[in-house]
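My structure is below; once you've seen it, I'll send some questions.
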Amino acid sequence: MKHLLSLHDITTEEFYQILDTAAKLKKELKAGIPHPILKGKSMAMIFTKSSTRTRVSFETGMFQLGGHALYLNGNDIQLGRGESIYDTANVLSRFVDGIMIRTFAHSDVEDLAKYGSVPVINGLTDLLHPCQALADFLTIREHKGRLEGLKFAYIGDGNNMAHSLMYAAAKAKMDIAVATPKGYECNAEVAENAKADAKKSGSNITITYDPVEAIKDADVVCTDTWTSMGQEAEKAERIKAFGDYQVNAKLFANAKGDAIFLHCLPAYRGYEVTEDIIDGPHSVIFDEAENRLHAQKAVMAILMAD
Ligand code: CP
Ligand code: NVA
């Protein structure tokens with residue numbers, strides 16, 4: 001594993017290596033056992049979009065691993081004034097041991113990895129959010145004791161989260177059903193790739209317009225904002241289109257009785273999910289948020305340790 005750009009690029013063994021390392025680091029942290037695996041290393045974090053969880057978990061995680069993380073706002077660095085990805089990748093590679101980037105175009109992240117000489121971690125693009133999916137699957141394993149054979153239901157926008165969750169489910173041999181409204185389907189190439197991965201591992205991917213079919217007997221229920229970063233101008237039309245895809249008590253009643261509820265956050269209560277669900281007994285959203293820290297520490301340790 002050289003980079004973490006997409007969960008499609010990694011093997012099932014690598015996927016479990018990340019989760020197992022994350023679980024070990026989490027246990028050590030809780031026991032007060034230091035793990036300075038990246039002592040003396042630096043990581044640049046480029047953000048051209050907002051963030052609470054990603055920024056704080058990567059920066060804190062790097063500190064806990066004995067290293068140092070630099071927050072680079074896309075508008076402050078020369079990239080925001082038109083410096084190329086090629087030059088940015090080459091220059092940063094001379095200073096730091098890894099680069100984490102959150103941005104719009106997925107191709108920019110691929111180019112950073114292609115032109116730079118240090119590991120690149122995708123901290124969210126318009127297409128994918130692999131670190132979040134790793135944290136989600138760590139959370140599921142903690143609550144359910146396993147991943148294989150479970151049913152995951154994703155209800156809502158066919159966005160970066162839906163894509164990375166399909167890839168994760170396929171790696172973990174978990175069935176996944178994704179329900180989106182017409183016009184908001186998943187990226188066709190990602191869906192094809194995920195189906196090919198699922199065929200190899202022996203899990204099923206169902207893509208539907210019917211939220212009830214998707215959530216039926218699910219062990220895990222997940223949604224995400226209807227308006228992702230960069231789509232603000234479409235907000236009103238999206239609220240109209242997604243009305244039947246709200247995760248509320250009526251819809252949730254179709255899942256298994258012990259189903260857990262996930263949301264990557266930030267959440268918009270009253271839109272994609274109602275308060276009784278996200279703040280209710282099935283919700284594990286804050287365990288999920290915490291697990292960003294542990295999952296990403298594992299990724300950084302695996303990619304950047306000597
Ligand atoms: N879930 C997530 O990536 O949160 P932030 O946008 O706050 O980083
Ligand atoms: N789909 C959301 C996820 C935020 C963490 C977005 O891209 O804005």
Side-chain angles (χ1 to χ4, degrees), residues 4-7 22 43-62 69 71-74 99-109 121-140 154-168 178-181 183-187 190 220-235 238-239 241-242 245-247 261-269 271-273 278 283-300:
L4 182 70
L5 308 185
S6 164
L7 296 178
M43 185 178 77
M45 309 192 298
I46 303 172
F47 283 90
T48 71
K49 285 177 173 171
S50 304
S51 172
T52 299
R53 281 143 288 268
T54 305
R55 178 178 174 181
V56 177
S57 55
F58 267 110
E59 190 163 334
T60 312
M62 192 56 177
Y71 172 74
L72 305 175
N73 184 308
I99 303 171
M100 193 286 299
I101 177 165
R102 162 169 289 196
T103 196
F104 295 85
H106 189 71
S107 57
D108 284 352
V109 179
I121 301 172
N122 177 359
L124 180 147
T125 63
D126 289 345
L127 191 70
L128 298 171
H129 196 1
C131 293
Q132 182 68 53
L134 288 168
D136 292 1
F137 275 61
L138 181 63
T139 310
I140 298 167
Y154 175 91
I155 314 290
D157 192 15
N159 63 10
N160 44 13
M161 278 314 308
H163 297 157
S164 284
L165 289 166
M166 282 198 294
Y167 280 157
V178 175
T180 71
Y184 298 93
E185 296 88 353
C186 290
N187 174 288
V190 172
V220 182
V221 178
C222 180
T223 186
D224 186 16
T225 180
W226 292 339
T227 308
S228 284
M229 290 181 276
Q231 299 171 336
E232 289 75 11
E234 302 168 20
K235 190 173 170 192
R238 284 176 165 269
I239 289 172
F242 283 84
Y245 294 79
Q246 182 186 64
V247 177
F261 174 77
L262 296 177
H263 191 309
C264 68
L265 307 178
Y268 300 92
R269 289 165 173 78
Y271 293 95
E272 73 270 15
V273 59
I278 193 166
S283 178
V284 296
I285 55 166
F286 298 123
D287 292 342
E288 179 187 6
E290 178 190 328
N291 280 336
R292 293 294 302 281
L293 173 73
H294 310 299
Q296 290 158 196
K297 281 171 72 181
V299 171
M300 291 189 285

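Note that ligands are numbered from 1 as they come in the structure, with each ligand's atoms numbered from 1 the same way. These numbers come from a predicted model, not from an experiment.
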Any side-chain donor-acceptor pair under 3.5 Å between Thr103 and Asp108?
no

Whether over 12 other heavy atoms sit under 6.0 Å from Tyr271 OH:
no

What's the separation between atom CD1 in Ile101 and atom OG1 in Thr48, rounded to the nearest 0.5 Å?
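Here the rounded value is 6.5 Å.
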
Give me the nearest non-hydrogen protein atom to atom 3 (C) of ligand 2 as residue plus atom name, then the distance to 0.1 Å.
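Residue, atom and distance for the closest contact: Asp224 OD2, 3.7 Å.
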
Starting at CD1 of Ile239, measure out to CH2 of Trp226 and round the result to the nearest 0.5 Å.
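Separation between the atoms: 7.5 Å.
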
For side-chain contact (heavy atoms from CB on, under 4.5 Å), just list the numbers for Asp224 and Asn160, CA-CA rounded to whole Å, side-chain angles, deciding distance to a tenth of an Å, and then say yes or no.
CA-CA 10 Å; Asp224 186 16; Asn160 44 13; 4.1 Å; yes

One finds that the ligand 2 atoms under 4.0 Å from a non-hydrogen atom of Asn159 are 1 (N)

For atom 7 (O) of ligand 2, what's the nearest protein heavy-atom neighbour? Residue, atom name and distance, please.
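Among all protein heavy atoms, the one nearest atom 7 (O) of ligand 2 is Asn160 ND2, 2.8 Å.
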
Against Phe137, only a single residue in Leu262, Leu165, Leu7 fulfils side chain to side chain contact (heavy atoms under 4.5 Å, CB included); can you say which?
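Of all the options given, the one that passes is Leu165.
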
With side-chain hydrogen bond (donor to acceptor under 3.5 Å, both in side chains) as the test, pick out the partner of Thr54 among Gln296, Arg292, Gln132.
Arg292

Would you say Leu265 contacts ligand 2, with heavy atoms under 4.0 Å as the rule?
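It does, in that a heavy atom of Leu265 comes within the 4.0 Å cut-off of ligand 2.
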
If we ignore hydrogens and angles and just use 3.5 Å, is the side chain of Glu232 paired with the main-chain N or O of Gly230 as donor and acceptor?
yes

Tyr184: what forms a ring pair (Phe, Tyr, Trp, His ring centres under 6.0 Å) with it, not counting sequence neighbours?
Phe242

Contact residues of ligand 1 (heavy atom under 4.0 Å), by chain and number
Ser51, Thr52, Arg53, Thr54, Arg102, His129, Gln132, Cys264, Leu265, Arg292

So the atoms of ligand 2 within less than 4.0 Å of a heavy atom of Leu124 turn out to be 3 (C), 4 (C), 5 (C), 7 (O)

Please write down residue, atom name and distance for the protein heavy atom closest to atom 6 (C) of ligand 2.
Ser228 OG, 3.2 Å

Can you tell me the protein heavy atom closest to atom 8 (O) of ligand 2 and the distance?
Met229 N, 2.8 Å

